[in-house]
Trainee: 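Submitted below is the structure of interest, expressed as structure tokens.
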Protein chains: 2
Amino acid sequence: MHKDISKVALQRLPVYLNYLKTIPEKDGFISATVLASRLNLGEVQVRKDLASVSCTGKPKVGYEVKTLISELESALGYDNTADAVIIGAGHLGMALLDYKGFEEYGFNIVAGFDRNEKVWGKTEGGKPVFAMEKLPSLIARMHIKIGIITVPAKAAQEVCDLLVENGILAVWNFSSAHLNVPDGILVRNENMAVSLSLLVQHLTDNK
Amino acid sequence: MHKDISKVALQRLPVYLNYLKTIPEKDGFISATVLASRLNLGEVQVRKDLASVSCTGKPKVGYEVKTLISELESALGYDNTADAVIIGAGHLGMALLDYKGFEEYGFNIVAGFDRNEKVWGKTEGGKPVFAMEKLPSLIARMHIKIGIITVPAKAAQEVCDLLVENGILAVWNFSSAHLNVPDGILVRNENMAVSLSLLVQHLTDNK
DNA sequence: AATTTATCGATAAAAATTTATCGATTATTT
DNA sequence: AAATAATCGATAAATTTTTATCGATAAATT
């Protein structure tokens with residue numbers, strides 16, 4: 001098994017994977033040179049990134065696309081599917097429930113939960129929405145370790161506490177609230193405004 | 001004006017800003033030490049990041065929160081509000097239309113556009129959804145430079161081309177498609193599955 | 001008023017990441 | 001069959017980023 005994939009490389013691997021899945025050369029070969037120019041990355045960087053998951057590149061031709069795809073998938077751990085639940089079935093929660101990309105990458109959003117009884121029993125992309133009361137038993141029964149928080153900021157900490165109490169180990173936080181968690185619990189904050197601001201920053205720099 | 005903010009620091013600045021806006025010490029001071037421990041970052045790193053936008057820290061007490069907030073905002077360019085449009089009024093598009101965080105950061109999502117006439121005329125969070133035909137004139141009239149793509153992958157390139165044709169300079173791509181754009185156009189890809197996979201990666205590493 | 005404590009800001013060291021270079025290898029061309 | 005061209009993979013150099021150290025300073029304490 002390949003190891004020592006740097007943090008930043010790890011962020012680029014899915015980009016390669018994603019791109020490889022869309023190209024016409026699906027049944028042939030692709031070189032690091034071509035890949036680099038298509039994705040606007042450095043040729044050497046691409047080669048180095050790929051070296052961390054593959055050693056099947058052949059001089060003059062490059063990498064077999066099929067092989068590379070499965071090597072990337074396996075390196076990224078997409079083989080072992082991971083289950084997660086979503087708390088908050090507003091538009092964002094529903095969008096994530098429906099997001100096809102997850103399945104493709106081996107993730108499985110099991111269900112959504114919401115306080116509002118109007119959405120109980122609804123399904124989105126085949127995923128059901130339940131009452132909050134059902135959360136503890138479902139998490140326990142299915143040994144779920146990942147919780148996705150898409151509730152308003154005000155309710156986020158409360159929801160987070162509930163998740164942690166019930167054995168969740170990683171939280172993906174879409175609310176703007178800053179979450180306090182005990183040691184050992186991983187929080188990843190997804191702040192949409194931050195992402196957009198980085199885009200704008202870039203825009204104003206280059207003029 | 002402060003300069004030379006490193007790329008990675010630039011990604012952390014909004015985190016500080018976001019956190020500062022939520023704390024109880026709003027009217028007082030906060031030290032890099034405290035900020036670091038609250039956000040689980042290195043003390044020196046925080047101090048260095050802040051040094052790139054501020055020089056108002058006082059020994060023994062830290063930084064005045066109010067001052068720091070406005071210094072961060074100005075460094076990040078949140079003074080000059082930026083307008084954007086969203087193409088694709090599915091759940092994700094609707095969620096972004098409704099996302100309150102943007103306004104807070106000085107962004108303004110002007111409107112959504114969709115091919116499906118069932119959603120035309122709807123509003124979400126006060127933002128209207130229009131037919132695609134209205135896109136060119138609105139972009140031109142309001143001088144909008146940012147487009148957010150939340151359509152399915154199949155339609156993404158077509159939408160992207162349309163945006164570019166009409167003068168959009170930056171694209172925030174939520175679809176899984178890889179977009180080809182002319183030089184000078186900035187594309188930022190938001191792959192939800194990537195974010196989740198990084199979370200999971202971290203989870204499986206630390207066990 | 002002197003001493004202690006907490007923190008800044010700067011500089012230096014360490015670590016991580018990117019970029020450059022180059023020999024080895026494989027297909028293609030002569 | 002030999003020469004050529006393209007590309008890999010490895011190693012080295014350059015750059016960027018993170019972490020450590022330390023004197024200076026402002027508030028708190030003695």
Side-chain angles (χ1 to χ4, degrees), chain A residues 1-16 20 23 25 27-69 71-72 75 198 201-202 205, chain B residues 1-16 19-20 23 25 27-69 71-72 75 194 198 201-202 205:
Chain A
M1 196 41 154
H2 298 271
K3 269 285 131 69
D4 294 338
I5 307 178
S6 79
K7 260 182 284 180
V8 274
L10 201 56
Q11 293 180 38
R12 283 189 300 263
L13 294 187
V15 177
Y16 301 132
L20 289 173
I23 59 174
E25 293 96 332
D27 295 317
F29 287 75
I30 192 168
S31 70
T33 317
V34 174
L35 203 44
S37 86
R38 299 266 188 87
L39 296 175
N40 279 307
L41 294 170
E43 176 183 348
V44 184
Q45 184 169 68
V46 171
R47 205 170 285 132
K48 204 155 183 254
D49 286 346
L50 296 187
S52 69
V53 301
S54 176
C55 51
T56 61
K58 282 202 292 188
K60 186 80 180 187
V61 290
Y63 306 80
E64 190 183 20
V65 175
K66 272 184 192 170
T67 312
L68 198 50
I69 287 178
E71 283 170 330
L72 282 166
L198 286 170
Q201 190 79 23
H202 208 115
D205 282 356
Chain B
M1 196 43 153
H2 299 270
K3 270 285 132 69
D4 293 338
I5 306 180
S6 79
K7 262 180 282 179
V8 274
L10 200 57
Q11 294 181 36
R12 284 189 299 264
L13 294 187
V15 177
Y16 300 132
Y19 180 63
L20 289 172
I23 58 174
E25 293 95 331
D27 295 317
F29 287 75
I30 192 166
S31 71
T33 318
V34 173
L35 202 45
S37 84
R38 300 265 189 88
L39 295 174
N40 279 307
L41 294 169
E43 176 182 348
V44 183
Q45 184 169 65
V46 171
R47 203 170 285 133
K48 203 152 183 259
D49 286 346
L50 296 186
S52 69
V53 301
S54 175
C55 51
T56 60
K58 282 201 292 185
K60 184 79 180 188
V61 292
Y63 306 79
E64 189 182 22
V65 176
K66 272 184 191 169
T67 311
L68 197 50
I69 286 178
E71 282 170 330
L72 281 166
V194 170
L198 286 170
Q201 192 81 23
H202 207 115
D205 282 355

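The chains referred to below are lettered A, B, ... by the order of the sequence lines, with proteins before strands, and numbering in each begins at 1.
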Trainee: Starting at the 5' end of DNA chain D, what dot-bracket string do you get if Watson-Crick and G-U pairs under 3.5 Å are bracketed, crossing pairs use [ ], other-strand pairs use | and unpaired bases use dots?
Mentor: ||||||||||||||||||||||||||||||
Trainee: Taking atom CD of Glu64(B) and atom CG of Asp27(B), what is their separation to the nearest 0.5 Å?
Mentor: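 Spacing of CD (Glu64(B)) from CG (Asp27(B)) equals 9.0 Å.
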Trainee: Nearest 0.5 angstrom please: Leu72(B) CG to Tyr16(B) OH, how far?
Mentor: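 Nearest 0.5 Å value for the CG-OH distance: 9.0 Å.
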Trainee: If you round to the nearest 0.5 Å, how far is CG of Leu35(B) from CD1 of Ile30(B)?
Mentor: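 One finds 4.5 Å between CD1 of Ile30(B) and CG of Leu35(B).
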Trainee: Rounded to the nearest angstrom, tell me the gap between atom CZ in Phe29(A) and atom P in dT26(C).
Mentor: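 Nearest whole value for this atom pair: 13 Å.
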Trainee: With rounding to the nearest 0.5 angstrom, report the CD to OG distance, Glu43(B) to Ser37(B).
Mentor: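 Atom-to-atom, Glu43(B):CD and Ser37(B):OG are 9.0 Å apart.
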Trainee: Between dA27(D) atom P and Glu64(B) atom CD, what is the distance in whole Å?
Mentor: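 So the CD-P distance, Glu64(B) to dA27(D), works out to 13 Å.
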Trainee: Atom OG in Ser54(B), atom CD1 in Ile69(B): separation rounded to 0.5 Å?
Mentor: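 Answer rounded to 0.5 Å: 12.0 Å.
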Trainee: Return the polar atom pairs (N/O with N/O) between nucleotides 14-24 of chain D and the protein under 3.5 Å, or none.
Mentor:
residue, atom, partner, partner atom, Å
dT18(D), OP1, Arg12(B), NH1, 3.0
dT18(D), OP2, Arg12(B), NH2, 3.0
dT18(D), O5', Gln45(B), NE2, 3.3

Trainee: Tell me the closest heavy-atom pair linking Ile5(A) and Ala9(A), and the distance in Å.
Mentor: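 Smallest interatomic distance, heavy atoms only, reads CG2-CB, 4.0 Å.
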Trainee: Can you tell me if the side-chain N/O atoms of Lys60(A) get under 4.0 Å from OP1 or OP2 in dT25(C)?
Mentor: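 Answer is no, no contact under 4.0 Å.
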Trainee: For Leu39(A) and dT18(C), give me the distance from atom CG to atom P, rounded to whole Å.
Mentor: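 Roughly 15 Å, once rounded to whole Å.
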Trainee: Using 0.5 Å steps for rounding, measure from the CD atom of Glu71(A) to the OH atom of Tyr63(A).
Mentor: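 It is 9.5 Å, given to the nearest 0.5 Å.
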Trainee: Looking only at heavy atoms, what is the nearest atom pair of Ala32(A) and Arg47(A), with distance?
Mentor: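 Answer, listing the atom of Ala32(A) first, then Arg47(A): CB-NE, 3.9 Å.
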